[in-house]
Amino acid sequence: MTASAAAASTSSTSAEGDGLRHDWSRKEIEALFALSFNDLLFRAHSIHRQHFDPNQVQVSTLLSIKTGACPEDCKYCPQSNRYDTGLEAEKLMEVEKVLEQARAARAQGSTRFCMGAAWRSPKKKDMPYVTAMVRGVKELGLETCMTLGMLTEQQAQELADAGLDYYNHNLDTSPEYYGEIITTRTYGDRLTTLDNVRSAGIKVCSGGIVGMGESVRDRAGLLQQLANLPQHPESVPINMLVQVEGTPLAGTEQLDPIEFIRTIAVARILMPRSYVRLSAGRESMSEEMHALAYFAGANSIFYGEKLLTTPNPEANKDLTLFERLGINAERRCADSDEAVTAALSDSIEQARNDKLFYDASA
Ligand code: SF4
């Protein structure tokens, strides 16, 4: 059977209760990757149109609320304390500072505010601060997302009780290639966290990184794991490795941009109702590559000048490109600025009353 015939045959196979497939084989996914580029993009774009407005892209902002000094050994990450990247570690941000940033993100049109901490997992003493951040950001009318490392069932429940909408925890790569990238936590640990998050009723944001020297089979394996979860992640970030000097993956052979677009397209086909997000690595992507990614099914970006610790295209560059492409940023916050200011003050006051400002001297 030719690659295109094998890939075409997949559309008639079984669907689960949500009308989506969760039984993709590696072979089927590899066959999608092997389609001619035009056939793959046509198929992905057609599916994209069935489920989303093709001219709308969701905009999220990501803030690092605790930077660096992470004990994990993810070989791509400048925040690991095992690599000398010159990154300056910072303690957990104060709640009120986080809320100020959230307000600025909201004013720039973000509808979701993501907060990331470089932890193996949050400690008990951290939980009151991060839950206060969730409550405060929600009061601003923004959707909330956090990425804090591994979560226990109880921690996931605490975040859910605070109103957390999304939790990000990436699978990074295929199960086979995973050991080349991280040794301090297992693939199973990651799946357990995703399960804890889902069971607590929080929506799942999970994707991976490409360009880490993996094979196409590994990219297929990553997407297979995500698509075959009992429920597809609501958001699927596809990151292009940002090579940071001092990390073990600096100097890895660059991934062909066409292969990156293929990964976006296959993710769209496998998870038709998920937001597929262009995440890290956008800075090195041309405008034409962004346009192709949007056509292939990407419909979410991180916005702002910094993505955790690596650069992100300037915000107005994104808006100019949106205009040229006739794309609208998905905005949901219509309240007046006064209302935002009031909500912000209320959140700060509440945090102050609850004594939740982080004591930097502790
Ligand atoms: S990716 Fe996350 S867990 Fe891994 S080293 Fe970086 S901050 Fe730590």
Side-chain angles (χ1 to χ4, degrees), residues 60-72 77-81 86-108 110-151 154-156 158-169 202 205 302-312 315 333 335 337-362:
S60 304
T61 299
L62 176 59
L63 174 71
S64 178
I65 58 170
K66 186 264 168 188
T67 305
C70 180
E72 302 292 273
C77 183
Q79 302 208 65
S80 168
N81 66 9
L87 182 78
E88 223 169 281
E90 287 166 20
K91 286 183 172 180
L92 184 63
M93 268 175 95
E94 293 170 11
V95 177
E96 66 181 316
K97 291 224 169 93
V98 172
L99 297 182
E100 273 164 27
Q101 296 282 328
R103 179 175 180 260
R106 184 184 188 283
Q108 283 195 326
S110 281
T111 56
R112 187 181 304 171
F113 191 67
C114 305
M115 295 160 268
W119 284 324
R120 175 175 164 81
S121 55
K123 297 199 171 60
K124 201 169 173 209
K125 71 175 170 66
D126 302 318
M127 292 305 291
Y129 295 100
V130 294
T131 50
M133 290 172 194
V134 172
R135 284 196 298 270
V137 174
K138 275 200 79 83
E139 278 174 34
L140 294 174
L142 288 164
E143 286 185 320
T144 50
C145 177
M146 282 197 150
T147 179
L148 312 172
M150 294 185 287
L151 290 185
Q154 194 194 327
Q155 287 171 326
E158 279 178 52
L159 289 167
D161 292 345
L164 185 68
D165 297 297
Y166 288 83
Y167 193 78
N168 164 264
H169 199 62
I202 300 170
C205 170
F302 274 123
Y303 184 83
E305 286 167 26
K306 217 163 178 206
L307 193 53
L308 287 179
T309 59
T310 54
N312 205 30
C333 306
D335 299 348
D337 212 39
E338 286 75 10
V340 180
T341 309
L344 181 70
S345 319
D346 287 347
S347 302
I348 291 174
E349 201 43 46
Q350 180 68 41
R352 198 168 273 136
N353 290 341
D354 292 346
K355 299 198 176 15
L356 288 178
F357 289 124
Y358 185 74
D359 178 4
S361 63

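Positions are given from 1, in the same order as the sequence printed here.
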[Y] side chain reached by [X] side chain, heavy atoms, under 4.5 Å:
X: Met115; Y: Val137; answer: yes
X: His169; Y: Met150; answer: yes
X: Tyr129; Y: Val98; answer: no
X: Thr144; Y: Met133; answer: no
X: Thr131; Y: Asp161; answer: no

Do you know which two heavy atoms are closest between [X] and [Y], and how far apart they sit?
X: Tyr167; Y: Met146; answer: CD1-O, 3.2 Å
X: Pro122; Y: Leu151; answer: CG-CD2, 3.7 Å
X: Gly163; Y: Val134; answer: C-CG1, 3.7 Å
X: Leu142; Y: Arg112; answer: CD2-N, 4.2 Å
X: Leu140; Y: Ala102; answer: CD1-CB, 3.6 Å

[atom2] on [Y] to [atom1] on [X], rounded to 0.5 Å:
X: Leu92; Y: Lys97; atom1: CG; atom2: NZ; result: 11.5 Å
X: Cys114; Y: Leu62; atom1: SG; atom2: CG; result: 6.0 Å
X: Gln154; Y: Lys124; atom1: CD; atom2: NZ; result: 7.5 Å
X: Ile65; Y: Trp119; atom1: CD1; atom2: CH2; result: 5.5 Å
X: Thr67; Y: Met93; atom1: OG1; atom2: CE; result: 8.5 Å

Working note: Leu148 + Asp126, criterion side chain to side chain contact (heavy atoms under 4.5 Å, CB included); need CA distance, chi angles, decisive distance, verdict. CA-CA 10 Å; Leu148 312 172; Asp126 302 318; over 6 Å; no
With sequence neighbours left out, write down each residue that passes side chain to side chain contact (heavy atoms under 4.5 Å, CB included) with Ala118, or none if nothing qualifies.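 Scan of Ala118 (side chain to side chain contact (heavy atoms under 4.5 Å, CB included), adjacent residues dropped) gives Lys66, Cys70, Gln79.
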With sequence neighbours left out, the residues meeting salt bridge (Lys or Arg N to Asp or Glu O under 4.0 Å) with Glu72 are Arg120, Arg185
Go through it in stages, so that I can follow the logic: the residues are Leu164 and Val130, the test is side chain to side chain contact (heavy atoms under 4.5 Å, CB included), and I'd like the CA-CA distance, side-chain angles, deciding distance and then a yes or no. CA-CA 10 Å; Leu164 185 68; Val130 294; over 6 Å; no
